[in-house]
Amino acid sequence: MDEPIQVSDAEAKVMAVLWTRAPQSASEVIDALTEDTGWNHRTIRTLLARLAAKGAVTTTPRGRAYLYSPVLTRDEYVRNESRGFLERVFRGNPLSAVAHFVEDESLSPGELARLRKLIDRKEEEES
């Protein structure tokens, strides 16, 4: 099994732009991020280069520029981050994580019902 692609918080902001619409040029990504983040264009170009080196995005030449497209999907990113969070905070124990959120957070009756349905469906799959 391939090692999951690790993406920093800053790189995740760049990925979010590409998940919204791809392919995009570096200039388009810069335009999308500069106002919200305050990053300069060199920072964003560096993040794009890192993502390409990691295999999280692909580059396609277009004239003198490159178009960037995500290889790492949003679902893969969420799965990787969730696993990392579970390991760091709950020592890899999903029951502890679920118990924490059920006991310590205010869940609406609808959210509790959805949680029950998820558990029931998982039990059916495992049977």
Point to revise | Spacing of OG1 belonging to Thr20 relative to CE belonging to Met15, to within rounding of 0.5 Å | key: 10.5 Å
Exercise for review: Check whether Val89 and Val98 end up in the same hydrophobic cluster, where Ile, Leu, Val, Met, Phe, Trp and Tyr are linked by side-chain heavy atoms less than 4.5 Å apart.
Suggested key: no
Check your understanding: What residue among Ile30, Thr37, Asp31 forms side-chain contact (heavy atoms from CB on, under 4.5 Å) with Leu33?
Key -> Thr37
Check your understanding: By the rule that ILVMFWY residues connect when side-chain heavy atoms come within less than 4.5 angstrom, directly or transitively, which residues belong alongside Leu95?
Key -> none
Review point. For the residue pair Phe90 and Phe85, does the interplanar ring angle fall in the parallel (under 30°), tilted (30 to 60°) or perpendicular (over 60°) class?
Key: perpendicular
**Study point:** For Gly55 against Ile5, the heavy-atom pair lying closest together
**Key:** O-CD1, 3.6 Å
Point to revise | Minimum-distance pair of heavy atoms, taken over all atoms of Asn93 and Leu86 | key: O-CD1, 3.7 Å
Exercise for review: Inspect the surroundings of NZ in Lys54 and state if more than 12 heavy atoms from other residues, nucleotides or ligands are less than 6.0 Å away.
Suggested key: yes
Exercise for review: List the atom of Glu111, the atom of Ser106, and the distance in Å for their closest heavy-atom pair.
Suggested key: OE1-O, 4.0 Å
Exercise for review: Could you walk me through whether Leu72 and Asn80 pass side chain to side chain contact (heavy atoms under 4.5 Å, CB included), step by step?
Suggested key: CA-CA 10 Å; Leu72 178 69; Asn80 294 343; 4.2 Å; yes
Review point. So does Glu125 have more than 12 non-hydrogen atoms from other groups sitting under 6.0 Å from CD?
Key: yes
Check your understanding: Is there a path of hydrophobic side-chain contacts, each under 4.5 Å between heavy atoms of I, L, V, M, F, W or Y residues, that connects Val71 with Leu51?
Key -> no
Check your understanding: With a cut-off of 6.0 Å (strictly less than), are more than 12 heavy atoms of other residues, nucleotides or ligands near CG of Asp104?
Key -> yes
Point to revise | Ala16 versus Arg74, closest heavy-atom pair with distance | key: O-NH2, 4.2 Å
Exercise for review: Give a yes or no on whether the backbone of Val102 and the side-chain of Glu105 come within a donor-acceptor separation of less than 3.5 Å.
Suggested key: no
Review point. Step by step, would you call Arg114 with Ser108 a side chain to side chain contact (heavy atoms under 4.5 Å, CB included)?
Key: CA-CA 10 Å; Arg114 181 162 185 248; Ser108 70; over 6 Å; no
Review point. Do the side chain of Arg88 and the main chain of Gly84 share a donor and acceptor less than 3.5 angstrom apart?
Key: yes
Exercise for review: Give a yes or no on whether a salt bridge exists between Glu87 and Arg91, defined as a side-chain N under 4.0 angstrom from a carboxylate O.
Suggested key: no
Exercise for review: Please confirm whether the backbone N or O of Ser69 pairs with a side-chain atom of Gln24, one donor and one acceptor, at under 3.5 Å?
Suggested key: no
Review point. Can you name the closest pair of heavy atoms from Ala12 and Val7 and give their distance?
Key: N-CG1, 3.4 Å
Point to revise | Point-to-point distance, once rounded to the nearest 0.5 Å, from CG of Leu18 to NZ of Lys13 | key: 15.0 Å
Review point. Any donor-acceptor pair under 3.5 Å linking the side chain of Glu76 with the backbone of Thr73?
Key: yes
Check your understanding: Do Phe101 and Leu107 touch side chain to side chain, with heavy atoms closer than 4.5 Å?
Key -> no
Exercise for review: Measure the spacing between CG of Asp120 and NZ of Lys122 and express it to the nearest 0.5 Å.
Suggested key: 13.0 Å
Check your understanding: Taking all non-hydrogen atoms of both residues, which atom of Ala22 and which atom of Tyr68 are closest, and how far apart?
Key -> CB-O, 4.2 Å
Check your understanding: Backbone N or O of Trp39 within a donor-acceptor pair of the Thr43 side chain at under 3.5 Å?
Key -> no
Review point. So, the side chain of Glu81 versus the backbone of Val78: is there a donor-acceptor pair under 3.5 Å, distance only?
Key: no
**Study point:** Candidate pair Glu11 and Gln6, rule side chain to side chain contact (heavy atoms under 4.5 Å, CB included), full reasoning
**Key:** CA-CA 9 Å; Glu11 291 166 344; Gln6 298 298 312; over 6 Å; no
Check your understanding: Under 4.5 Å between side-chain heavy atoms, hopping through other hydrophobics if needed: is there a path connecting Leu67 to Val57?
Key -> no
Check your understanding: Rounded to the nearest 0.5 Å, how far does CG of Leu48 lie from NE2 of His41?
Key -> 13.0 Å
Revision key, fill the gap. OG (Ser8) and CZ (Arg50) are apart, to the nearest 0.5 Å, by 6.5 Å
